> 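Pasting in a structure now, in structure tokens, and then I'll have a few things to ask.
Both backbone and side-chain heavy atoms feed into the values below; hydrogens, waters and symmetry mates do not. Note that the coordinates shown come from a computational prediction; the quantities given were computed from them, not determined experimentally.
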There are 2 protein chains.
Amino acid sequence: MASIRDVAVRAGVGIGTVSRTLNNSGYVSEETRLRIMKAVEEIGYKPSAIATNMVKKRTGIIGVMVPNQEHPFFAKIMKHMEIELYKQGYKCLICNTLDIVNRQKSFIDMLDSRAVDGIISCVDELPDFSNHSRGAIVSFDRNSEAGVPIVRSEHEMGGRLVAELFIKKGCKRVCQFTAGLDKKRTANIRHEVMKEVLEEAGVEVISIITAWDALSYSYNKDMVHKYWDIIENVDGIMTTDIGALSCLSVAQQKGLSIPDDLCIVAYDGTEITELSYPELTVVQQDCAEIARKCVENVLKMVDGEKVPELELIPVKLIERGTT
Amino acid sequence: MASIRDVAVRAGVGIGTVSRTLNNSGYVSEETRLRIMKAVEEIGYKPSAIATNMVKKRTGIIGVMVPNQEHPFFAKIMKHMEIELYKQGYKCLICNTLDIVNRQKSFIDMLDSRAVDGIISCVDELPDFSNHSRGAIVSFDRNSEAGVPIVRSEHEMGGRLVAELFIKKGCKRVCQFTAGLDKKRTANIRHEVMKEVLEEAGVEVISIITAWDALSYSYNKDMVHKYWDIIENVDGIMTTDIGALSCLSVAQQKGLSIPDDLCIVAYDGTEITELSYPELTVVQQDCAEIARKCVENVLKMVDGEKVPELELIPVKLIERGTT
DNA sequence: TTGAAAGCGCTAACAG
DNA sequence: CTGTTAGCGCTTTCAA
């Protein structure tokens with residue numbers, strides 16, 4: 001593999017001059033520039049990114065860690081992150097944690113080994129950072145407890161919007177599937193807030209705790225069947241996209257009329273919610289903006305700048321056919 | 001940032017010895033090993049991956065290039081690739097081409113600059129490789145024309161399975177949405193074969209050419225509406241998951257009874273096809289196996305081994321509620 | 001067993 | 001304007 005030295009020899013110049021022309025830094029006479037470019041062309045020289053990394057102590061790579069990139073929400077977020085990183089001249093390395101601690105750990109380790117310049121992470125609990133350089137790391141959608149800056153949707157607003165919609169529709173008994181009501185986990189905030197607002201208005205709220213985040217579509221459907229005796233006795237339900245689609249599907253199968261018998265609201269609002277009939281009413285997270293903000297902040301941290309501890313991205317209620 | 005030299009000084013040994021202990025290569029006495037590990041611990045030393053790359057001339061990174069990672073099929077494939085690469089000790093860098101040539105090009109360039117050890121690619125036409133080292137690159141699901149080895153589903157079988165199913169169901173007029181009938185594009189093979197088998201059996205086939213691959217869910221629905229006068233006059237339709245879901249949704253909206261009025265078969269068979277009611281009948285691609293094979297082959301190429309020009313992965317027909 | 005030395009390919013002073 | 005030199009942090013001979 002040709003190196004910068006080969007080019008220098010061929011063009012009859014020093015390697016410094018070659019470096020300067022290639023990087024457009026410092027002065028190079030037009031004549032030698034041409035000679036060098038010709039040599040580059042002739043021997044098909046391509047600079048080694050690895051060697052540049054060595055000198056610059058940067059790889060230009062940001063790692064993105066999500067539970068499962070196949071999940072529509074994460075797939076969408078990641079796509080936008082890659083696009084945003086590309087705009088900024090960075091590359092995007094991925095890790096599906098699959099809720100396996102070892103995977104998280106080995107990914108985080110890449111920060112220490114400087115294999116990546118920074119990390120954008122979405123895991124419930126980051127490993128203990130006490131032994132780590134801490135480096136450039138931002139978290140999104142989940143809490144970290146480790147003093148890592150976080151970017152997330154304004155789930156307080158989301159929960160309130162859903163509650164108000166249910167009230168407007170005259171619902172009296174509402175059910176929500178949630179991974180818990182512990183506010184430490186940011187995704188639970190919407191459920192907690194919805195519950196508060198609804199109960200204040202005299203609406204009964206039933207919270208079913210499940211591993212609802214599981215990508216497994218069949219798991220979601222199983223849950224709907226399992227709790228059907230509850231669901232068929234409520235007039236409103238809120239859960240994530242996949243869960244909502246499962247509810248709709250099972251409800252139709254059981255002969256319910258949507259939204260007359262049951263109002264369904266999907267949280268996340270990825271495109272799959274437009275594929276059912278009727279289309280789902282959703283609270284939509286602004287994935288593009290979340291991604292943009294994460295990238296902006298992690299790159300600031302790479303450059304040693306400070307970033308806010310918390311960034312809130314507004315959500316949007318879109319009323320469609322299930323309410 | 002502590003370097004191997006700092007460790008050596010602290011432990012009172014040479015850097016070679018430190019390297020040997022850390023990599024478990026060569027002889028090191030238990031005593032000095034302990035001393036070195038202690039020093040490592042004390043100064044919190046973490047080896048620099050960049051420096052190792054420099055000397056090994058490898059990054060341990062494989063690039064994966066797809067049109068759009070948000071698309072359910074690619075999201076699934078990529079997840080399995082990441083998992084498979086992780087198993088083999090490799091990391092996974094992503095690129096959404098978004099059908100932008102510059103993006104493809106700059107990604108492929110990483111092979112030349114040795115920023116990645118190999119590439120797994122899914123684009124219609126790879127850039128001209130005449131100026132490239134060619135390196136370790138495999139293609140999946142799409143043709144390349146560049147002599148790049150390819151891994152893909154056995155779409156011939158897929159097309160035949162769908163055709164036979166339509167025949168079994170007594171369909172007389174079948175419609176398919178396709179990006180073309182040109183067999184050079186591997187995704188078209190199934191459409192071409194289905195058409196042949198069906199016409200041989202006396203079934204009329206209508207092929208509608210669209211940019212059906214577009215992720216845009218709304219685009220898919222628009223197409224269904226646009227060609228509704230055709231669709232309402234056929235008794236069978238085959239297209240990809242998202243297209244099929246769109247058809248089902250619109251058909252239900254128009255009051256058709258599925259599958260009595262219209263049989264729908266989705267090609268790809270990702271999990272979203274289980275979320276509708278009725279669930280979609282599908283031809284399912286084996287994403288995990290495609291991913292496994294791609295990884296296996298690209299890593300072989302990284303090691304200089306030869307791999308087959310073409311690997312065919314069987315598909316599976318799953319009859320559900322829309323046929 | 002272990003230390004010293006020679007690179008890996010490039011960038012960034014620095015001296016002409 | 002341009003060539004030389006000194007590393008970047010690590011692995012790997014090669015002697016000792």
> With a non-hydrogen cut-off below 4.0 angstrom, is A/Ile15 in contact with a base, only sugar-phosphate, or nothing?
base
> Which is true for A/Asn23 with a 4.0 Å heavy-atom rule: it touches a base, it touches only sugar-phosphate, or it touches nothing?
sugar-phosphate
> Counting side-chain heavy atoms from CB outward, which of C/dT2, D/dG7, D/dC10 is closest to A/Val55?
D/dG7
> So, under a plain 3.5 Å distance rule, would you say the side chain of B/Arg114 forms a donor-acceptor pair with the base of C/dG9?
no
> Does a side chain donor of either A/Asn53 or A/Thr59 reach within less than 3.5 Å of an acceptor in the other side chain?
no
> Are side-chain N/O atoms of A/Gln104 and A/Thr97 paired as donor and acceptor at under 3.5 Å?
no
> Looking at D/dT11, I'd like to know if its phosphate oxygens (OP1 or OP2) sit under 4.0 Å from a side-chain N or O belonging to B/Ser19.
yes
> Taking NZ from A/Lys57 and P from D/dG9, how many angstroms apart are they, rounded to a whole number?
4 Å
> Whole Å only: how far is the CE atom of A/Met54 from the C1' atom of C/dG7?
12 Å
> Can you tell me the distance, in whole Å, between the CZ atom of B/Arg33 and the P atom of C/dT2?
12 Å
> Give A/Ser25 one of three labels, base, sugar-phosphate or nothing, depending on what nucleic acid heavy atoms sit under 4.0 Å from its own.
nothing
> Establish, for the pair A/Arg20 and A/Tyr27, whether the NZ or CZ atom is under 6.0 angstrom from the six-membered ring centre and no further than 45 degrees off its axis.
no
